Amino acid sequence: MIQNEEFIDDFLLEANQHMDTIEHTLLTLEDEEDFEKVNDIFRAIHSIKGTAGFFGLSNIVDLSHAMENVFGEIRKQKLKPNKAVITHSITALDLLKHMIADLQFSETLDLTEVIHNLNQLIFINSISPEAAYEFMDPYNQIFKVSNIHQESMANFVKENFNFYAISLGINHHLSLYEGGPIKMFHRIEAIGSLLDTQIDCTDIKSLDHVLIALENGSADVHLRITLASKLEKNDVAVVVNVPKTYIVELTLQNQFYIPEKTDEKEMKTSETDFTPLQNSSVDIGDESIQVKLSKLDHLMDLIGELVISESIVTQNPEILNLNLMSFQKASRQHRKIILELKEIITDVRLIPLTNLFHKMKRVVRDVSIKLNKDVEIEIIGDDIEVDKKIAEIISDPLIHLIRNAVDHGIELPQIRKEKNKKETGKIHLKASKTGSEIIICIKDDGKGLNPYEIYQTAYNQNIVYKSFDELSYQEIFNLILEPGFSTKTEVTEYSGRGVGMDVVLKSIQKVGGTISIDSQEGFGTTFNIKLPLTLSIVEGMLVALDTGIYIIPTLNIKNCIIPNQDMIICGTNNEKLIRIGKKTYPIIVLKSYLGFSGEEEDLLKGILIEIENDKGNAIIWVNKIINHQQIVVKKLPKHLKNTEKLSGCTLLGNGKVSLIVDVDQLVNYKN
């Protein structure tokens with residue numbers, strides 16, 4: 001089967017890229033018929049088929065050939081990409097994915113039914129409803145065959161096909177085939193083209209007559225098949241396994257216009273449509289190559305180490321107090337080159353959200369069909385780029401949130417109609433970029449969240465112990481992120497097990513992201529996911545406390561303030577507040593927030609830093625600001641990993657470890 005093992009990886013990479021293209025384009029084709037998109041699908045399938053043939057993967061070749069035929073008919077505008085065509089094509093594509101994922105397993109699969117369904121699409125759908133062709137048998141009986149494409153019939157006549165009417169007893173003849181009617185039809189299709197099938201109703205008096213006949217075998221109901229084949233009558237009888245007396249040769253009565261021979265120049269132009277896609281691993285025009293992600297990961301790690309080593313050299317205590325102009329100039333140039341290197345490597349790792357977002361179209365389509373709901377999805381900002389590793393990690397959380405929106409959020413069409421809503425539910429999937437962060441918003445126009453129902457469920461499941469009035473709506477909505485929480489009383493394919501939203505939260509937190517929930521009962525629910533653009537290197541401000549040096553991500557710093565006596569006021573509980581403009585904020589002393597005890601700080605002898613995120617802002621007090629620099633984010637040591645107030649750590653130029661403050665937790669603490 002596979003003779004060139006060294007090239008298999010390239011084949012798998014290319015095939016998976018083509019299948020992503022096919023799936024994405026199929027789903028958009030259902031919404032809007034586009035000839036260029038049809039060409040993209042055709043060429044991608046053709047490329048998979050050609051390469052699979054090189055490796056001797058016959059099943060992949062057969063299935064992709066059947067898919068290619070379907071889209072060949074669409075390209076010729078003989079077949080419409082309707083819902084049935086898209087559904088059967090997606091089914092075939094899923095099977096193709098399974099086979100490519102396990103090439104050895106692919107050769108053991110029975111593709112008969114899937115390929116038959118694809119072939120039937122061409123037969124059933126590429127038809128002209130007004131066409132009806134008459135055949136005459138030797139006994140002067142007229143057979144009318146409807147819905148056969150005229151050009152196909154003309155080709156049968158031009159190529160000297162024979163036409164036959166085959167009569168089969170449903171009780172007797174079909175029982176000869178172990179695989180039943182499907183196997184029989186496949187055998188017939190192997191020797192020609194099936195033009196028509198009809199039940200012979202001549203001797204049928206009533207439906208009861210048919211049922212009795214089939215049940216006791218006292219009589220037989222006949223199936224009449226009209227076949228175009230190049231085989232002679234005797235050969236057809238042998239293949240179909242019926243006596244020759246059951247086969248009648250027909251004469252076509254209709255007159256057809258037979259197209260003239262295609263001009264040679266025209267043929268050459270047409271053939272270019274069948275040219276497979278260029279190997280996507282090397283694009284000569286773009287001068288681009290594909291690189292394994294593991295190599296990029298290693299390169300990013302090296303850049304991180306370079307950032308740390310640069311910091312160690314430039315902040316070496318032995319040279320800090322020396323006035324070395326040439327050294328400082330060289331170090332600045334060195335730092336500039338490192339920053340450029342870091343930006344280039346970061347950009348190389350970035351991929352657009354297009355493939356990830358458009359997979360959600362498939363999720364919405366599949367789930368809505370199974371749940372008998374009418375749901376559409378609108379995608380905005382899919383061209384925004386994010387680190388490939390982040391895209392991979394958030395794929396499952398996104399799928400879960402989209403499924404939940406269809407299952408829990410969007411109501412059934414009848415219920416939506418009763419609520420004066422459009423019967424078609426809508427999900428918005430939007431990505432936007434702010435600084436070095438990505439915000440992904442999933443919003444539906446469904447029934448929304450019921451705060452009291454959520455609270456009551458969480459209370460009964462011992463997830464929460466406070467009273468309903470003690471919690472804000474935001475805190476109540478966040479209860480659905482707790483492990484084991486579920487308002488479903490029945491377990492379905494998509495929900496009810498109490499597993500999912502807590503995993504979503506963990507996956508998002510794994511890449512340093514956050515999730516927030518907003519909902520209005522009766523009008524829908526919104527999930528906002530905030531993610532870093534990249535995982536490894538960020539800008540950070542080094543701040544000093546008398547307990548050590550800490551880092552605050554520069555992205556979250558809005559303002560730095562040198563306080564004076566007029567700005568600071570006392571609250572009702574002797575709480576220190578600061579007035580900025582018309583607003584008043586509590587002052588969070590970072591040392592106390594982190595759990596260190598000591599004497600009360602003199603707020604006038606330090607610096608106030610205003611930080612913000614998507615949930616609000618907060619004012620923190622620190623002893624002083626040291627500087628800001630590129631930092632390489634590392635995971636917290638095992639003994640510190642449960643510290644919620646910290647998001648990571650880094651190595652400073654003096655070799656000491658500095659902890660990174662979690663801004664989101666700070667803002668939540670203030671609120």
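These numbers were taken from a predicted model, which means no experiment stands behind them. Numbers for residues simply follow the sequence, beginning at 1. For the numbers below, each heavy atom of this structure counts, side chains included, while hydrogens, waters and symmetry mates do not.
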Taking NZ in Lys388 as the centre, count heavy atoms belonging to other residues, nucleotides or ligands within less than 6.0 Å. Is the count above 12?
no
Any donor-acceptor pair under 3.5 Å linking the side chain of Glu475 with the backbone of Ser472?
yes
Indicate yes or no: at least one non-hydrogen side-chain atom of Leu401 is less than 4.5 angstrom from one of Ile529.
yes
Side chain to side chain contact (heavy atoms under 4.5 Å, CB included) assessment of Thr91 paired with Leu95:
CA-CA 6 Å; Thr91 301; Leu95 185 56; over 6 Å; no
Using side-chain hydrogen bond (donor to acceptor under 3.5 Å, both in side chains), reason through Asp374 and Thr424 one step at a time and then give a plain yes or no.
CA-CA 5 Å; Asp374 194 1; Thr424 300; 2.9 Å; yes
Would you mind checking if Glu23 and Lys97 are paired as a salt bridge, meaning a charged N to carboxylate O distance below 4.0 Å?
yes
So NZ of Lys430 and CG of Asn528: to nearest 0.5 Å the spacing works out to 10.0 Å
Taking all atoms of both residues into account, what is the closest heavy-atom pair of Thr526 and Cys441, and its distance?
CG2-SG, 3.5 Å
Can you find a heavy atom in the side chain of Ile60 that is under 4.5 Å from one in the side chain of Met99?
yes
The single option from Ile442, Ile508, Val363 passing side-chain contact (heavy atoms from CB on, under 4.5 Å) against Leu398:
Ile442
Under-4.0 Å salt bridge between Arg362 and Asp366:
yes
Closest heavy-atom pair, Ile379 versus Phe357, reported as atoms and distance to 0.1 Å, is CD1-O, 3.4 Å
Leu471 side, atom CG; Ile454 side, atom CD1 - distance, nearest 0.5 Å
11.5 Å
What distance do Ile41 atom CD1 and Phe71 atom CZ have between them, rounded to the nearest 0.5 Å?
4.5 Å
Test item: Thr25 side-chain N/O and Thr21 main-chain N/O as donor-acceptor pair under 3.5 Å
yes
What one should report as the nearest heavy-atom pair of Tyr473 and Phe468 is CE1-CZ, 4.3 Å
Between the side chains of Asp382 and His358, does any donor sit under 3.5 Å from an acceptor?
yes
4.5 Å side-chain heavy-atom contact, Ser106 and Ile100:
no
Exactly one of Ile480, Asn478, Leu481 clears side-chain contact (heavy atoms from CB on, under 4.5 Å) with Leu505, and that residue is Leu481
When rounded to the nearest 0.5 angstrom, what is the spacing between CD1 in Ile384 and OG in Ser432?
6.0 Å
Report the C-alpha distance between Asp445 and Phe523 in whole Å, list the side-chain angles of each, state the deciding distance to 0.1 Å, and finish with yes or no for side chain to side chain contact (heavy atoms under 4.5 Å, CB included).
CA-CA 5 Å; Asp445 65 348; Phe523 294 93; over 6 Å; no
Residue pair Asn617 / Ile611, side-chain heavy-atom distance below 4.5 Å
no
Do Ser89 and Val85 come close enough that some side-chain heavy atom pair is under 4.5 Å?
yes
From the list Lys447, Lys417, Arg416, Lys426, salt bridge (charged side-chain N to carboxylate O under 4.0 Å, His left out) partner of Glu411 resolves to Arg416
Would Leu646 and Ile660 count as a side chain to side chain contact (heavy atoms under 4.5 Å, CB included) here? Give the steps.
CA-CA 6 Å; Leu646 304 172; Ile660 303 170; over 6 Å; no
Quick one: does any side-chain atom of Lys421 pair with a main-chain N or O of Gly446 as donor and acceptor, under 3.5 Å?
yes
Using 30° and 60° as the class boundaries, would you call the ring planes of His46 and Phe42 parallel, tilted or perpendicular?
parallel
For His428, does the NE2 atom sit with more than 12 other heavy atoms under 6.0 Å from it, leaving out its own atoms?
yes
Work out which heavy atom in Leu27 is nearest to a heavy atom in Ile90; give both atom names and the distance.
CD2-CD1, 3.8 Å
Do other residues, nucleotides or ligands put more than 12 heavy atoms under 6.0 Å from the NZ atom of Lys419?
yes
For a quick test of reading the model, state the closest non-hydrogen atom pair linking Ile377 to Met360 and the distance between them.
CD1-CB, 4.0 Å
Side chain to side chain contact (heavy atoms under 4.5 Å, CB included) assessment of Ile390 paired with Glu392
CA-CA 5 Å; Ile390 292 177; Glu392 290 173 350; over 6 Å; no
Distance, nearest 0.5 Å, that separates CD of Gln456 from CD1 of Ile476
11.0 Å
Will you find, in the side chains of Asn450 and Glu521, an N or O donor that is under 3.5 Å from an N or O acceptor?
yes
So, taking the atom named CG in Asn16 and the one named CG in Asn355, what distance separates them when rounded to the nearest 0.5 Å?
11.0 Å
Just to verify, what does Asp518 make a salt bridge (Lys or Arg N to Asp or Glu O under 4.0 Å) with, not counting sequence neighbours?
none
Quick one: does Lys443's side chain have a donor or acceptor within less than 3.5 Å of a partner on Gly524's backbone?
no
Side chains of Glu376 and Val364: does their closest heavy-atom pair fall under 4.5 Å?
no
In terms of heavy-atom contacts, Met501 and Phe527 come closest through CE-CE2, 3.7 Å
Check whether any side-chain heavy atom of Leu353 lies under 4.5 Å from a side-chain heavy atom of Asp383, and answer yes or no.
no
Taking C-beta and beyond as the side chain, do Leu118 and Met67 meet within less than 4.5 Å on heavy atoms?
yes
Return yes if some donor-acceptor pair links the side-chain N/O of Ser64 with the main-chain N/O of Val61 below 3.5 Å, else return no.
yes
